Amino acid sequence: MELAKRYDHKLVEEGKYQNWKNKGYFTAGDKSKQKFSVVIPPPNVTGKLHIGHAIDNTIQDITCRYKKAKGFDVLYLPGVDHAGIATQAKVDEELKQKGISRFEIGRDEYLKEAFKWKERYSHIIHDQWAKMGLMLDYTRERFTMDEGFNKAVYYVFKTLYDEGLIYQGERIVNYDVKMKTALSNIEVIHKNIDGKFYYFKYRFLDNKDEYLTVATTRPETMFGDTCVVVNPNDERYQKFIGKKVINPANGEAIPLIGDEYVDINFGTGVMKCTPAHDPNDFIIGKKYGLDMPIVINTDGTMSKSLKKYGGLDRFECRELLVKDIEKNGDLIKIEDFKHEVGHSERTDTIVEPILSKQWFIKMKPLTEKLLENQKSKSKVNFVPKRFEKTLIRWMENCEDWCISRQLWWGHRIPVYYQKSTGKILVSDHLPDNSGDWYQDEDVFDTWFSSALWPFATLGWPENTEDFERYYPIDTMVTGYDIIFFWVSRMYFQGLKFTNKAPFKDVVIHGLVRDSKGRKMSKSSGNGIDPLDVIEKYGIDSLRYFLATTASPGFDFRYQEEKVIEASNYLNKIWNSARFILMNIPSDFKVSEINTKKINILDKYILTKLEENIKVITKAMDKYDYGLASSTLYNFVYNDFCSFYLEMSKVSLQNKEEETLNVLLYCLKAILMMIYPFSPFISEEIYLNLPEHKESIMLESYPEYNKKYRFNNLEVVTMLSQIIEKVRNYKSINKISPSASLELAIKTTLDINSIMDYLKRFTFSNEISLISEDQENSTTYSLTNGTLFIKDNINKDELLKSLNEQKEKLLNEVKRSENLLNNKNFLEKAKKEKIELEKQKYIDYKNQLNDILEKISKI
RNA sequence: GGACAGUUAGCUCAGCUGGGAGAGCAUCUGUUUGACGUACAGAAGGUCAUAGGUUCGAGCCCUAUACUGUCCACCA
């Protein structure tokens with residue numbers, strides 16, 4: 001069969017994925033083999049996959065395909081995440097477009113809408129997985145809200161609750177006022193923004209002409225102030241402690257309290273205290289038993305009790321209030337002020353700290369277990385290592401996890417309250433139909449369920465066959481942006497509930513940025529749609545680009561030129577295959593390479609190949625796909641295509657049949673090594689080989705084979721050196737590349753075996769083996785001899801070139817001399833290094849003498 | 001405020017345990033070589049951020065400094 005002249009990605013990709021899937025190659029379960037398991041980090045059903053998913057999935061799929069080819073029973077488990085707040089935001093938005101609010105249609109109807117959304121985007125995601133060629137085992141696909149998962153979530157909640165690790169508490173939590181839900185601390189993004197610092201007069205109740213100056217960034221919270229605080233050591237104010245001051249926002253008299261929390265040097269040294277809307281103020285409020293009036297609602301509007309301000313948006317209220325205070329003469333000044341303000345990770349609105357009752361997980365016992373495990377032999381191995389530190393630091397300092405969300409889309413909290421008694425019951429169903437019980441309205445944080453992903457997907461808490469066999473996960477691949485959200489939580493929940501770390505290796509990759517290094521985002525419109533790239537260059541090129549450009553843990557830039565480079569490379573492999581297949585007779589029978597029949601170049605390429613297999617395999621095992629692919633790239637371009645393939649033309653002409661076997665052997669090995677990166681083109685070429693299995697997916701990875709390593713190949717190195725020198729000589733001297741020059745070689749090696757190749761690739765008909773140096777020639781030193789090119793250029797140019805060589809050699813000799821005259825070097829350096837240097841010195845010296853002699857003769 | 005990275009050719013990045021600086025793209029020159037012009041052959045291009053130190057020897061190890069980036073953090 002003959003391949004087309006060009007690699008056409010669309011033709012190559014056509015139908016292959018369906019075929020693999022239909023044949024069941026993606027289905028795990030061969031118990032005769034050792035298992036290897038990977039779970040896909042479940043994408044949110046919020047929308048289409050982006051380039052960030054592509055990098056994640058590419059690394060996973062490469063790992064899986066590599067391991068499968070290495071003989072493992074590989075499970076790559078797919079699934080999607082309901083993504084509570086993110087999805088609900090999208091569904092809300094969609095309903096809003098239709099003019100519907102979720103409160104109008106009610107919870108049940110709303111959930112139906114949300115499930116429809118989920119179905120729609122699951123399909124899109126499936127199509128994208130197929131486009132990317134992921135070897136996902138669809139027979140085991142899961143969803144974070146499927147029946148089994150719901151059971152797992154319930155089990156986890158009940159267990160933690162019964163053990164006292166889950167509690168309900170009244171705290172200041174951050175509210176996303178757009179979604180009207182509480183958030184966990186890590187869902188709050190701190191951004192440095194321009195704000196204002198407002199200075200107000202707080203007049204004394206007993207002497208209204210005197211006042212304290214209080215500075216605040218948030219005047220609207222003043223309605224909730226229940227005291228003013230100064231540091232008792234502050235000499236300016238200590239005498240006032242115990243007096244009452246008037247809150248300029250509402251005219252109420254509040255006490256002045258002394259507490260060392262206040263920083264004397266910050267602001268005016270006087271702090272207003274709003275216990276219900278600030279975590280620090282809350283602590284002070286608790287300490288002094290103050291009232292904690294809530295003045296801002298969960299939707300960001302002001303409380304109704306605030307008369308004219310009631311119902312206003314918090315920022316409108318701020319403006320109006322400041323104006324009113326100014327009218328009263330209590331505004332001193334307004335300063336510009338840069339400060340950190342929390343924003344919701346999902347909706348980007350400024351979060352509002354509000355006192356409320358929420359469910360929390362007590363973190364300490366869980367994190368302690370994790371930290372302990374990370375010190376033991378069963379520790380999780382992070383790639384790169386530094387992310388282990390990131391995790392540990394966070395685990396050492398994290399606060400209790402707020403897991404309740406005031407949303408509808410998610411796992412509803414399995415807690416029932418009895419109206420008549422106020423009793424609380426954890427249950428997965430309504431205790432009775434008396435109407436006396438009602439369920440908690442809230443749902444869990446979406447990460448509460450995702451944390452169970454590595455084991456709940458395998459059937460846990462049932463002790464299923466899959467759980468027994470595939471848990472723990474061998475390799476977890478994810479971006480550093482969700483180490484806290486996801487990796488840490490899977491880890492401590494895994495330890496808690498399965499007594500094992502849920503994964504062995506965690507491979508962390510960076511984010512894909514645009515060509516200028518900016519983060520990709522919808523608002524700046526610089527996002528790259530992987531489907532566009534696939535359409536233009538093919539998935540094989542995109543995968544190759546992603547895998548080779550992404551250095552573990554580091555962000556990298558999307559550059560179209562690099563994708564083109566990948567595409568050119570694949571075309572190179574395609575054409576090398578084309579060349580080989582063109583030369584194979586139709587009746588050719590593939591056989592094992594007969595090492596007795598092969599020529600020296602065959603030996604050379606086999607030796608090189610084996611060296612490369614060794615290096616590449618080692619890199620693949622370490623997830624160093626950058627090194628693995630660049631090593632293969634160099635082998636393919638330099639050793640295989642530019643050198644061996646060209647040389648093989650001579651042996652093929654000479655009808656050396658064994659070369660065909662060598663070519664095929666190399667080609668197959670190359671295909672297998674590029675296959676995990678770019679499976680479609682590899683399959684296409686593979687199926688065109690004279691002998692092959694049903695699919696490349698059933699083929700094994702090349703093993704390092706000592707049988708194909710040969711010695712005494714110096715003459716091949718000499719061959720390539722001579723070709724290079726001659727080409728260089730012609731280029732510099734502006735001689736046609738195909739000009740025939742007179743060459744003479746002085747060497748102790750037997751050059752008969754390379755004579756044909758020399759003639760063909762130097763275009764020289766006269767090549768002689770000599771024992772004495774040749775006059776009137778340009779001299780090139782080779783590793784094992786000397787090359788003389790008979791000069792037919794003018795003397796000036798010759799002299800120039802000789803002088804250039806002289807300069808170079810002088811430098812080398814000087815460098816070598818210095819080193820060898822250095823006593824310390826001779827005493828302390830390794831012996832081999834010294835020997836090597838001595839040899840070099842002699843070589844350079846000889847060459848230099850040759851050149852000097854020639855110059856003198858001219 | 002704390003922590004962690006990065007700084008190497010015009011651009012994007014490699015450089016394993018310290019032994020003569022690499023790739024791709026871009027640039028320049030040449031090529032109707034029968035796999036590939038998405039190619040081939042060649043050239044040019046770097047005081048490896050700065051300053052010290054350790055070492056016979058430093059892009060690599062140590063200490064400072066500068067700049068860039070990321071994460072964490074309740075300073076009103």
Side-chain angles (χ1 to χ4, degrees), chain A residues 3 5-7 172 185-186 190 197 214-218 221 229 261-263 265-274 278-283 337 339-340 342 353 384 386-387 389-390 393-394 397-398 480-481 483-484 510-511 515 517 519 548-549 551 553-557 559-562 564-583 615 618-619 622 624 626-627 630 633-634 637 641-642 645-646 649 723-724 727-732 734-738 760-761 763 812 815-816 819 822-830 832-833 836-837 840:
Chain A
L3 296 175
K5 191 167 176 179
R6 281 179 181 180
Y7 152 56
I172 300 281
N185 291 352
I186 51 172
H190 294 270
F197 220 6
V214 178
T216 179
T217 54
R218 305 206 52 202
T221 62
V229 195
Y261 169 75
V262 176
D263 180 350
N265 299 315
F266 186 86
T268 62
V270 190
M271 185 186 93
K272 69 185 214 51
C273 176
T274 322
D278 183 285
N280 297 309
D281 295 6
F282 175 72
I283 294 166
F337 189 65
H339 61 151
E340 296 284 325
R386 67 191 152 92
F387 288 105
K389 270 191 260 171
T390 311
R393 194 155 299 116
W394 193 64
N397 300 309
C398 76
Y480 62 72
D481 50 333
I483 292 178
F484 300 144
L511 272 38
S515 60
K519 253 186 190 169
T548 54
T549 315
S551 200
F554 289 104
D555 290 354
F556 64 100
R557 300 177 185 203
Q559 281 182 291
E560 192 166 11
E561 309 88 82
K562 289 249 178 185
I564 294 172
E565 181 199 324
S567 167
N568 290 350
Y569 173 43
L570 295 178
N571 183 60
K572 188 77 181 170
I573 294 179
W574 176 270
N575 270 290
S576 66
R578 178 166 175 259
F579 167 76
I580 294 167
L581 295 176
M582 272 169 56
N583 279 289
V615 174
K618 207 173 154 193
K622 289 198 299 191
D624 194 344
L627 178 63
S630 65
Y633 182 96
N634 286 328
Y637 264 98
C641 289
S642 292
L645 224 57
E646 291 303 324
K649 288 172 184 171
I723 293 170
E724 194 191 321
R727 282 174 174 167
N728 180 286
Y729 177 88
K730 287 176 176 173
S731 172
I732 288 177
K734 312 251 186 269
I735 297 170
S736 152
S738 53
R760 172 152 176 165
F761 291 97
F763 296 88
E812 296 295 354
R815 189 193 65 84
S816 220
L819 207 51
N822 184 333
K823 270 186 196 164
N824 284 320
F825 175 74
L826 295 176
E827 278 166 22
K828 295 183 181 174
K830 287 178 202 147
E832 308 94 76
K833 186 71 197 165
L836 203 71
E837 205 53 51
K840 278 183 186 176

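Bear in mind that the values here come from a model prediction, so they are computed numbers and not experimental data. Chain identifiers are assigned alphabetically (A, B, ...) following the order of the sequence lines, protein sequences preceding nucleic acid strands; residue numbering begins at 1 within each chain.
- Other residues, nucleotides and ligands contribute at most 12 non-hydrogen atoms within 6.0 Å of the CZ atom of Arg6(A).
- Between U27(B) and U38(B), the two P atoms lie 15 Å apart (nearest whole Å).
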Paired and unpaired positions of RNA chain B as dot-bracket, Watson-Crick or G-U wobble under 3.5 Å, | denoting a partner strand: (((((((..((((.....[..)))).(((((.......))))).....(((((..]....))))))))))))....
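- Taking OH from Tyr637(A) and OG from Ser576(A), the interatomic distance works out to 10.0 Å, rounded to the nearest 0.5 Å.
- In this entry the distance linking CH2 of Trp394(A) with C1' of G2(B) reads 17 Å, nearest Å.
- Going from atom NE2 of His339(A) over to atom P of C75(B) covers 10 Å, rounded to whole Å.
- One can place CZ of Phe484(A) at 13 Å from P of C4(B), the figure rounded to the nearest angstrom.
- A58(B) and A51(B) are spaced 15 Å apart, taking the C1' atom of each and rounding to whole Å.
- The residue Val262(A) sits close to a base: some heavy atom pair falls under 4.0 Å.
- Closest-nucleotide positions on RNA chain B for Asn822(A) and Glu561(A) were compared, and the one nearer the 5' end corresponds to Glu561(A).
- Across U17(B) and C75(B), the matching C1' atoms stand 47 Å from one another, rounded to whole Å.
- The separation of A39(B) from C25(B), taken at their P atoms, amounts to 8 Å, rounded to a whole angstrom.
- Taking every side-chain heavy atom of Phe266(A) into account, A76(B) is the closest of A76(B), G30(B), C74(B).
- Contact annotation: His190(A) side-chain N/O to C74(B) OP1/OP2 distance is under 4.0 Å.
- Across all strands, Tyr633(A) comes closer than 4.0 Å only to sugar-phosphate atoms, never to a base (heavy-atom distances).
- The same atom, P, is picked in C62(B) and in C16(B); the two are 14 Å apart, to the nearest Å.
- Applying the ring-ring contact (aromatic ring centres under 6.0 Å, His included) test to Phe282(A) and every residue at least two apart in sequence or in another chain returns nothing.
- Counting any heavy atom pair closer than 4.0 Å across all strands shown, Arg815(A) reaches a base atom.
- Under the side chain to side chain contact (heavy atoms under 4.5 Å, CB included) criterion, Phe337(A) pairs with Phe197(A), Thr217(A), Phe266(A), His339(A), sequence neighbours left out.
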Nucleic acid footprint by protein, nucleotides 34-41 of chain B - heavy-atom cut-off 4.0 Å, B for base, S for sugar-phosphate alone: BBB-BSSS
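- Of the P atoms belonging to G59(B) and G52(B), the separation is 15 Å, rounded to the nearest Å.
- Partners of Lys649(A) according to the salt bridge (charged side-chain N to carboxylate O under 4.0 Å, His left out) rule, which considers only residues two or more places apart in sequence or in another chain, are Glu646(A).
- Classification of Arg815(A) and Glu837(A) as a salt-bridged pair holds, one side-chain N sitting under 4.0 Å from a carboxylate O.
- Using atom C1' as the reference point in both G10(B) and U70(B), the two lie 27 Å apart (nearest Å).
- Rounding to whole angstrom units, CZ of residue Arg386(A) and C1' of G69(B) are separated by 12 Å.
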Letter per nucleotide, 5' to 3', of nucleotides 7-13 of chain B [B base touched, S only sugar-phosphate touched, - untouched; heavy atoms, 4.0 Å]: -----BS
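- Rounded to the nearest Å, the gap between the P atom of U7(B) and that of C60(B) is 11 Å.
- Across all strands shown, Phe554(A) has heavy atoms under 4.0 Å from sugar-phosphate atoms exclusively, and none from any base.
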